[in-house]
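Proteins come first, then strands; the chains are lettered A, B, ... in the order of their sequence lines, and each starts at number 1. When reading the values below, keep in mind they use all heavy atoms of this one structure, side chains included, and skip hydrogens, waters and symmetry mates.
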Amino acid sequence: MSDIKIAIVTANGTEERTVETGTRAWQLFVDNADVIAARVGDQLKDLSYELVDGDTVEGVAMASKDGRDILRHSCAHVLAQAVQEIFPEAKLGIGPPIDNGFYYDFDVETPFVPEDLEKIEARMKKIIKDNQKFSRRVTNDDDARVELADEPYKLELIGLKGSAAEAAEGASAEVGAGELTIYDNLNRNGETVWKDLCRGPHLPTTKRIPAFKLMRSAAAYWRGSEKNKQLQRVYGTAWESKEALEEYLHLLEEAERRDHRKLGKELDLFSFPDEIGSGLPVFHPKGGVIKRVMEDYVRQRHIEEGFSYVGTPHITKDGLFHTSGHLPYYADTMFPPMEFEGTNYQLKAMNCPMHNLIFSSRGRSYRELPLRLFEFGHVYRYEKSGVIHGLTRVRGFAQDDSHSYCTKEQAPAEVKHLLNFMLTVLRDFGLQDFYLELSTRDDSKKDKFVGSDEDWAVATQVLADVCAETGLDLVPDPGGAAFYGPKVSVQAKDAIGRTWQMGTVQYDFNQPKGFGLEYVGPDGTKHQPVMIHSAKFGSIERFFGVLLEHYAGAMPPWLAPVQVTAIPIAERHVDYLYDVAKQMNALGLRVEVDESDDRMQKKIRNAQLQKVPFMMIAGDDDVEKGAVSFRYRDGRQDNGVPIAEAIERVKAAVASREQV
RNA sequence: GCCGCGUUAACUCAGUUGGUCAGAGUGUCCGCCUUGUAAGCGGAAUGCCGUCGGUUCGAUUCCGACACGCGGCUCCA
């Protein structure tokens, strides 16, 4: 038997080794139980992979990104096997790993109910206990078609092989560009008990799945197109240990606890009256305080950054949106027109066309550029009923929308200015961790985008350059551009690591053309400006919701609807506290004195549940010393603080926008 | 928009296989209590059981449509 030379990559470097021909990858990692697959070159392989001369091999640990994907993909197989054992008529769709878990799609007569999921989960546990082997077998199109004659969706995938990425998101997990493979599940006797078309790789056996849980079922369109049939999708999660699973489930609980829809109700911030309609929020007094503070802040900041505050109406004749080019592209998401006096009027879905009219209301000189217009533009979009979600996806909202009109030469500096400005805004609201997303044109769908190749290339390059300068991570988003130009969006991570899309900067060379915008240049002739769209919050409503979730409702003092709740130990201390409260009110602080006839402990509980940052307590001891006592939301106490110092402390916390 | 599930007091949620089935806790209101860091005690009021239709002797309960919500899909200028 001849030997072959391979290289093993470890944390300590690369190690050359000579092994016998026929050696399989698992033999290299017998000492390491965490390794569940091998990376050979840049490809992931099963541990049963037979090494060939010149291979560079690295063990893939289950607790790595690739390792978890493999685990989850294998778990999806177990799910599918369990479903077909319980529901033999179920036809298989696709079953890829996803963030934090996996899913598998099935075509079944009757949708799954929660009790079905319990049954399926129990069967999955049995399959895992069976210690079935995932066995890879190379096949070809013709043989596979015969074998999978009863699986119409798999047959369809075979036909699409090679263009799997286009076939459906996740379909590449089933069929790769190369050879076609089937994985057989072998029981202890080596008999095939189940099989699935799949490119792999997989765990060696089902028993290597340490922890999983089925989460929910829902419908999903086959191959992601609403023109296709809806399949039943079962979602699950799987982890390298029971602890990791528990941790993930806790994260979900934490997310539920922070749900802004729930907090909005509990803290009496906003509601969605049925009588008004879906996706149309009303802000209650306390939510109104937060919203107003946000607006005051961002208005002031725009003025400081050289913007002029403007105002435009909520409806317009539809011709305006034809001029801008929006109507043909976004007719579906605009409310139907209302007709009167022989004219169609549209609810405003975007502000830019109106700002363009402000630009063109008189002649413009290059000396005025960049001309920066800003407003809280209230827009209405006909979002499909199924997508509306709390404050983050609504039908009526305000954008903190700005448009900078500038020369082509000024554009890069203006984009940079806007991006930096946006980041300072987000940081002031306590968000610290960002990355950028660059949304570009999909060259294969040019009919969805307006403008010449050259204009797109220039615009995209300007944005890419500025993004690079920020030093932030940049994630490409091909095809995500607006029809009129590419955009950069800022994604912010919240307190529990979730990312949210915040503001955007968009480079637009199309609307200036459509509106015939012009300025007179230094050479005395007319030129076309470019416009840079930008929203810092994106939408006030969405940003409000994100902030609520980020802070779990415990807003920093400058944003808190009630900054101080004054709590008397006994009724005789009420006037004393009113006196302090009055001094604070005079400084613009939001203070309430709780003079209800609840006991003082109950008042503390109430203030705590309302997540008020400062509880200001006073009893005989405090009155005697001319002091008050603070209690904070985390239970921390600070007793006997002299009144003047107490006022200063609250004032300083508000001014610095710090969290307490 | 599509699929599935849901809607009972201001809030959270029990309940009825169609016939004293309108319930609890919280909140609210009225008394009493006057209190040192997360719920003091007692009493009272509050519901077209989402809306509209149908089946039935009888519907909060069964069926349908609609509205609104939830989880996904699709979509997010």
Side-chain angles (χ1 to χ4, degrees), chain A residues 103 105 110-114 116 169 215-235 259 261-262 265-266 268 271-280 321 324-327 329-330 332-334 349-353 379 381-390 392-395 399 401 439 448 480-485 487 489 501 504 506 508 511 533 535 538-539 542 567-574 596-610 615-622 629-633 635-640:
Chain A
Y103 66 79
D105 289 343
T110 336
F112 296 124
V113 296
D116 292 332
E169 200 177 336
M215 306 302 288
R216 61 175 64 89
S217 67
Y221 296 108
W222 168 239
R223 291 178 60 201
S225 168
E226 57 187 327
K227 294 191 188 85
N228 290 341
K229 181 165 182 179
Q230 288 199 321
L231 306 181
Q232 285 296 305
R233 175 170 296 179
V234 178
Y235 285 91
D259 191 318
R261 297 166 296 186
K262 196 175 155 204
K265 202 178 279 177
E266 286 171 4
D268 194 13
S271 61
F272 297 87
D274 290 359
E275 294 85 341
I276 296 177
S278 186
L280 298 165
F321 290 119
S324 69
H326 287 101
L327 254 181
Y329 285 90
Y330 296 114
D332 288 353
T333 43
M334 290 179 75
M350 56 290 298
N351 304 298
C352 32
V379 296
R381 299 179 183 179
Y382 178 49
E383 301 287 1
K384 291 185 198 168
S385 60
V387 306
I388 289 167
H389 184 96
T392 58
R393 197 76 185 273
V394 290
R395 283 179 170 164
Q399 291 179 308
D401 204 3
S439 300
K448 276 186 72 183
F483 73 87
Y484 50 70
K487 76 176 177 196
S489 58
Q501 180 178 326
T504 59
Q506 304 180 8
D508 184 354
Q511 287 197 56
H533 307 236
S539 115
R542 175 179 288 180
I567 298 174
I569 296 289
E571 206 177 326
R572 62 181 176 278
H573 309 120
V574 168
S596 68
D597 55 7
D598 285 329
R599 296 177 77 197
M600 160 261 191
Q601 287 86 340
K602 183 61 178 290
K603 292 180 183 182
I604 287 173
R605 177 181 158 80
N606 286 342
Q608 187 84 40
L609 292 175
Q610 285 298 304
M615 284 176 236
M616 186 170 70
I617 299 165
D620 290 339
D621 298 350
D622 298 291
S629 295
F630 281 118
R631 180 192 161 96
Y632 294 88
R633 290 176 289 210
R636 210 164 76 243
Q637 288 180 40
D638 203 350
N639 296 334

With sugar-phosphate meaning primed atoms plus P, OP1 and OP2, does A:Gln506 contact a base, only sugar-phosphate, or nothing at under 4.0 Å between heavy atoms?
sugar-phosphate

Does the B:C75 base have a donor-acceptor partner in the side chain of A:Arg393 within less than 3.5 Å?
yes

So A:Asp332, base contact, sugar-phosphate only, or nothing? Heavy-atom distance under 4.0 Å.
nothing

Show your reasoning for whether salt bridge (Lys or Arg N to Asp or Glu O under 4.0 Å) applies to A:Asp598 and A:Lys603.
CA-CA 6 Å; A:Asp598 285 329; A:Lys603 292 180 183 182; over 6 Å; no

Here the distance between atom P of B:G1 and atom CD of A:Glu383, to the nearest Å, is 12 Å

When rounded to the nearest Å, what value does the distance between P atoms of B:G69 and B:G31 take?
41 Å

Distance between the C1' atoms of B:G64 and B:G72, in whole angstroms?
25 Å

Taken to the nearest whole Å, CZ/A:Arg599 to P/B:U35 is 10 Å

Please identify which of these residues, A:Arg395, A:Arg393, A:His389, meets the side-chain hydrogen bond (donor to acceptor under 3.5 Å, both in side chains) condition with A:Glu383.
A:Arg393

Assign A:Gln637 to base, sugar-phosphate, or nothing according to its heavy-atom contacts below 4.0 angstrom with the strands shown.
base

Checking all strands, does A:Tyr329 fall into the base, sugar-phosphate, or nothing category for heavy-atom contacts under 4.0 angstrom?
nothing

Between A:Arg636 (CZ) and B:G36 (P), how many Å, whole number?
23 Å

Proximal nucleotide (of B:A38, B:G36, B:U74) relative to the A:Ile604 side chain:
B:A38

Criterion ring-ring contact (aromatic ring centres under 6.0 Å, His included) on A:Tyr329 and A:Tyr484, from CA distance to verdict:
CA-CA 10 Å; A:Tyr329 285 90; A:Tyr484 50 70; 9.4 Å; no

State which of B:U74, B:U37, B:C76 makes the closest approach to the side chain of A:Asn639.
B:U37

C1' atoms of B:C63 and B:U56, separation to the nearest Å:
12 Å

Do A:Met616 and A:Ser629 have side chains that get closer than 4.5 Å, going by heavy atoms?
no

Need one value for A:Tyr484: base, sugar-phosphate or nothing, where a base atom within 4.0 Å counts as base even if backbone is also close, heavy atoms only.
sugar-phosphate

Would you measure the distance from the C1' atom in B:C49 across to the matching atom in B:A22 and give it in whole Å?
8 Å

The residue, A:Ser629 or A:Lys487, whose nearest nucleotide of RNA chain B is more 5′ is A:Ser629

Atom C1', compared across B:C48 and B:C21: separation rounded to whole Å:
16 Å

Could you identify the nucleotide paired to B:G58, looking across every strand shown and requiring Watson-Crick or G-U wobble geometry with both distances under 3.5 Å?
none

Taking N and O atoms by type only, does the side chain of A:Glu226 place a donor or acceptor under 3.5 Å from a partner on the base of B:C73?
no

Mind checking if A:Gln232 touches a base, just sugar-phosphate, or nothing, with heavy atoms under 4.0 Å?
sugar-phosphate

Roughly how far apart, to the nearest Å, are B:A65 and B:U26 at atom P?
41 Å

Is it the case that the base of B:G69 and the side chain of A:Asp274 share a donor-acceptor contact (distance under 3.5 Å, atom types as modelled)?
no

With a 4.0 Å cut-off on heavy atoms, is A:Ala607 in touch with a base, just the backbone sugar-phosphate, or nothing at all?
nothing

So A:Met334 and A:Arg381, do their side chains get closer than 4.5 Å, heavy atoms only?
no

Gap in Å between the two P atoms, one belonging to B:U51 and one to B:U35, rounded:
49 Å

Atom-pair distance (NZ on A:Lys265; P on B:G69), nearest Å
11 Å

Does any part of the side chain of A:Arg636, heavy atoms only, come nearer than 4.5 Å to the side chain of A:Arg631, both counted from C-beta?
no

Between the base of B:G1 and the side chain of A:Tyr221, is there a donor and acceptor pair under 3.5 angstrom?
yes

Rounding to an integer number of Å, can you tell me how far A:Arg233 CZ sits from B:G72 C1'?
8 Å

Residues at least two apart in sequence or cross-chain that pass side-chain hydrogen bond (donor to acceptor under 3.5 Å, both in side chains) with A:Ser439, listed by chain then number, are A:Asp477

Taking atom C1' of B:G72 as reference, at what distance in whole Å does atom CE of A:Met215 sit?
13 Å

What's A:Arg216 touching, base or sugar-phosphate or nothing? Going by heavy atoms closer than 4.0 Å.
sugar-phosphate

5'-most contact on RNA chain B: A:Ala482 or A:Arg572, nearest heavy atom basis?
A:Arg572

For B:G71 and A:His389 - does any side-chain N or O of the residue sit under 4.0 Å from the phosphate oxygens OP1/OP2?
yes

Provide a list of protein-nucleic acid N or O atom pairs under 3.5 angstrom, restricted to nucleotides 26-31 of chain B.
unit_1: B:G27; atom_1: OP1; unit_2: A:Lys602; atom_2: NZ; d: 2.7

Among the candidates B:C75, B:C2, B:C70, find the nucleotide nearest to the side-chain atoms of A:Lys384.
B:C75

Could you tell me which residues satisfy side chain to side chain contact (heavy atoms under 4.5 Å, CB included) with A:Arg572, sequence neighbours excluded, listed by chain and number?
A:Ala570, A:Asp620

Scan every strand shown for a Watson-Crick or G-U wobble partner of B:U34, both distances under 3.5 Å, and answer none if you come up empty.
none

Under 4.0 Å, counting only non-hydrogen atoms across every strand here, what does A:Ser385 touch: a base, just sugar-phosphate, or nothing?
base

Can you see if the side chain of A:Ser217 gets near the phosphate of B:G71 - specifically, an N or O under 4.0 Å from OP1 or OP2?
no

Has A:Glu571 got more than 12 heavy atoms of other residues, nucleotides or ligands less than 6.0 Å from its CD?
no

Is a donor on one side and an acceptor on the other found under 3.5 Å between the side chain of A:Ser324 and the backbone of A:His326?
yes

Paired nucleotide for B:C13 [Watson-Crick or G-U wobble; both distances under 3.5 Å]
B:G23

With both distances under 3.5 Å as the test, what is the Watson-Crick or G-U wobble partner of B:G4?
B:C70

Whole Å only: how far is the CG atom of A:Asp105 from the P atom of B:C3?
16 Å

Determine the contact category for A:Ala220: base if any of its heavy atoms lies under 4.0 Å from a base atom, sugar-phosphate if only primed atoms, P, OP1 or OP2 are that close, otherwise nothing.
sugar-phosphate

Within the distance-only criterion (no hydrogens, no angle test), does the side chain of A:Ser539 pair as donor or acceptor with the backbone N or O of A:Gln399 below 3.5 angstrom?
no

Roughly how many Å is it from NZ in A:Lys229 to P in B:G72, rounded to a whole number?
23 Å

Which whole number of Å gives the distance between the C1' atom of B:U8 and that of B:A14?
10 Å

Assigned partner base of B:C29, Watson-Crick or wobble definition, under 3.5 Å:
B:G43

